[in-house]
Q: 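Okay, handing you the structure first.
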Amino acid sequence: MTKSDPHSYRKVAVAACFGTFLEWYDFLTFATLAVIFGPLFFPSSDPNTALLASLATFGVGMVVRPLGAAFFGSLGDRIGRKPVFMMTISLMGVATVSVGFLPTYADIGIWAAVLLVGLRLLQGLSAGGEIGGSAVYLTEHAGQENRGFKTSFLQLMGPLGILVSTIQVALLRHYLSDDQFQSWGWRVPFWMSLLLLIIAFWIRRSLEETPVFLELSKHGAKVESQLINNFKNPEIRKRMFLLFFCVSSSGAILFFCVQVYTAIFLKTAAHLPSALVDQLSIYATLVLFPLTIFTGWLSDKVGRKPVVVCGLIFGAVLIYPAFEILQILSAQYLQSSNDVFVVQIGLILTALSLSLALVIGPQSALLAELFPAKNRNSAATLPHNLAAGWIGGLLPLIVTGLNQWSGNSIAGLWYPTVFLGCGAVVALLYLPETKKTDLLL
């Protein structure tokens, strides 16, 4: 495979990453505002019930992601990676901007919740086509050398989406009164999506089709949907399972534990002030950036498999005691207002971020390297989005529900702990090393 032109690759990377940032920003703004959406769209005398309903609505968007992956992934194998990108970015942008104009329960009753769920379904379908497909697109442009490092930047778009969303919400809370924020301030991040959509669409217009897809087309390779064929081929089927269970599911669990559920936990179970939690979330995200790039680079040196396996083991060992310590430190801070406890909380968040970075740093490259060129898009996007949607996306709901059922605010964290442990064992035994894979084959 020919080496990629550095200038051309930078152009492709900026376009692909910005579009993926918008997808994550749109998709995760809802998670940032999950606590706000409860009373606005699901009023209840029990705040826990309203929170669960809000988290369930967030989960709905994740559950339908595999449907979007199946449809758009197959379409990407048939008509090319670029046209699918234009479709998914448009669908996500329109759905997200519409959330900003939704009437609340106080205005139209139960229809407010119905419309919100409908827009979350559209967001989920769009994210299914974008997230995973973007990894294939960028990796196929990256060339043969240093793919882990080059594609690790794509993994920053999820944390960056949360970071921008969190900063917006923090600034709005700072400059608006509680009544103003509840009335209209929460809508601003969704309105901002319109500007971001215009920028992303303009940038993506100049994208080129990947060299791999062009080479397949030039040699007369069939560019039809390969989705059914993927399940008929035992080797591809095996690799789809390994991607689903060991890489994508575990990465999604770590992502939602570290980047989504941590903030919810600190605000609700640990009762820390929202402003402080927002600051801690921003810190944890900023720490994640260099760690992710480093682990992507490291996977080019030592291999994808050892880096990912280390992340799974570290996450399995760390998650439960980390949240237990976070709860203790939060209680001590509330009693004394001593900033030393805030620093210690920050160190715990740093360790959690490292476990996440070890899995997601090599993930984009690994996701594409596992599969042959002609069916790569569909084979990679379906298990990746199935994992993110059904395993990772439902994690906040499942963990919160288990906590409430058991009466223990951290009991539900045994779910991600056991899952990561099993993923580590399976990956150690069966996950192949892929860093030297020729993507044209």
Side-chain angles (χ1 to χ4, degrees), residues 24 27-28 30-35 37-38 41-42 44 46-67 69 113 116-117 120-121 123-124 127-128 131 158 162 244-270 277 281 311-312 315-324 326-327 352 355-356 359-360 383-424 426:
W24 276 113
F27 200 70
L28 293 172
F30 191 100
T32 307
L33 295 170
V35 177
F37 279 163
F41 290 91
F42 310 98
S44 171
D46 181 9
N48 288 330
T49 301
L51 176 61
L52 276 176
S54 181
L55 291 174
T57 304
F58 174 75
V60 162
M62 300 299 293
V63 167
V64 299
R65 275 181 57 171
L67 298 179
L116 181 63
V117 171
R120 285 297 294 166
L121 291 173
Q123 286 184 320
I131 300 167
I162 286 186
F244 168 80
F245 187 69
C246 302
V247 182
S248 297
S249 289
S250 298
I253 279 179
L254 283 166
F255 179 83
F256 283 97
C257 272
V258 176
Q259 289 282 293
V260 178
Y261 182 71
T262 303
I264 296 172
F265 176 83
L266 291 175
K267 289 177 182 178
T268 57
V277 174
S281 297
L312 298 178
V317 171
L318 181 65
I319 281 181
Y320 192 91
F323 277 85
E324 195 170 30
L326 284 175
Q327 191 169 39
L352 288 169
S355 65
L356 171 60
V359 176
I360 67 172
H384 183 68
N385 282 280
L386 190 66
W390 291 14
I391 305 299
L394 292 177
L395 182 136
L397 176 64
I398 293 173
V399 171
T400 302
L402 289 173
N403 290 344
Q404 293 184 12
W405 174 76
S406 66
N408 184 327
S409 60
I410 60 172
L413 291 166
W414 282 113
Y415 163 65
T417 296
V418 172
F419 197 107
L420 290 172
C422 294
V426 174

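Predicted model only: the values in this text are computed from it and were never measured.
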Q: How far does CG of Leu386 sit from CG of Leu67, to the nearest 0.5 angstrom?
A: 9.5 Å

Q: Measuring from Ile253:CD1 to Ile391:CD1, what's the distance to the nearest 0.5 Å?
A: 6.5 Å

Q: Taking side-chain hydrogen bond (donor to acceptor under 3.5 Å, both in side chains) as the test, write out the residues that go with Thr417, two or more places apart.
A: none

Q: Any idea how Phe323 and Phe265 line up, ring-wise: parallel (<30°), tilted (30 to 60°), or perpendicular (>60°)?
A: perpendicular

Q: Do the side chain of Ser355 and the main chain of Leu312 share a donor and acceptor less than 3.5 angstrom apart?
A: no

Q: Might you work through the side chain to side chain contact (heavy atoms under 4.5 Å, CB included) test for Leu254 and Ile319, ending with a clear yes or no?
A: CA-CA 9 Å; Leu254 283 166; Ile319 281 181; 4.0 Å; yes

Q: Where do Ser249 and Ala387 come nearest, in terms of heavy atoms and distance?
A: OG-CB, 3.0 Å

Q: To the nearest 0.5 Å, what is the distance between CG (Leu318) and SG (Cys257)?
A: 10.0 Å

Q: How long is the span from the CZ atom in Phe256 to the OG1 atom in Thr262, to the nearest 0.5 Å?
A: 12.0 Å

Q: How far apart are the closest heavy atoms of Gly251 and Val359, and which atoms are they?
A: CA-CG1, 3.7 Å

Q: Once rounded to the nearest 0.5 Å, what's the spacing between atom CG of Asn385 and atom CZ of Phe244?
A: 11.5 Å

Q: Could you give the distance from OG (Ser250) to CZ (Phe255), rounded to the nearest 0.5 Å?
A: 15.0 Å

Q: Identify the heavy atoms of Ala269 and Gln327 that sit nearest to each other, and give their distance.
A: O-NE2, 4.3 Å

Q: Between Asn403 and Ser409 (side chain of the first, backbone of the second, donor and acceptor by atom type, cut-off under 3.5 Å), is there such a pair?
A: yes

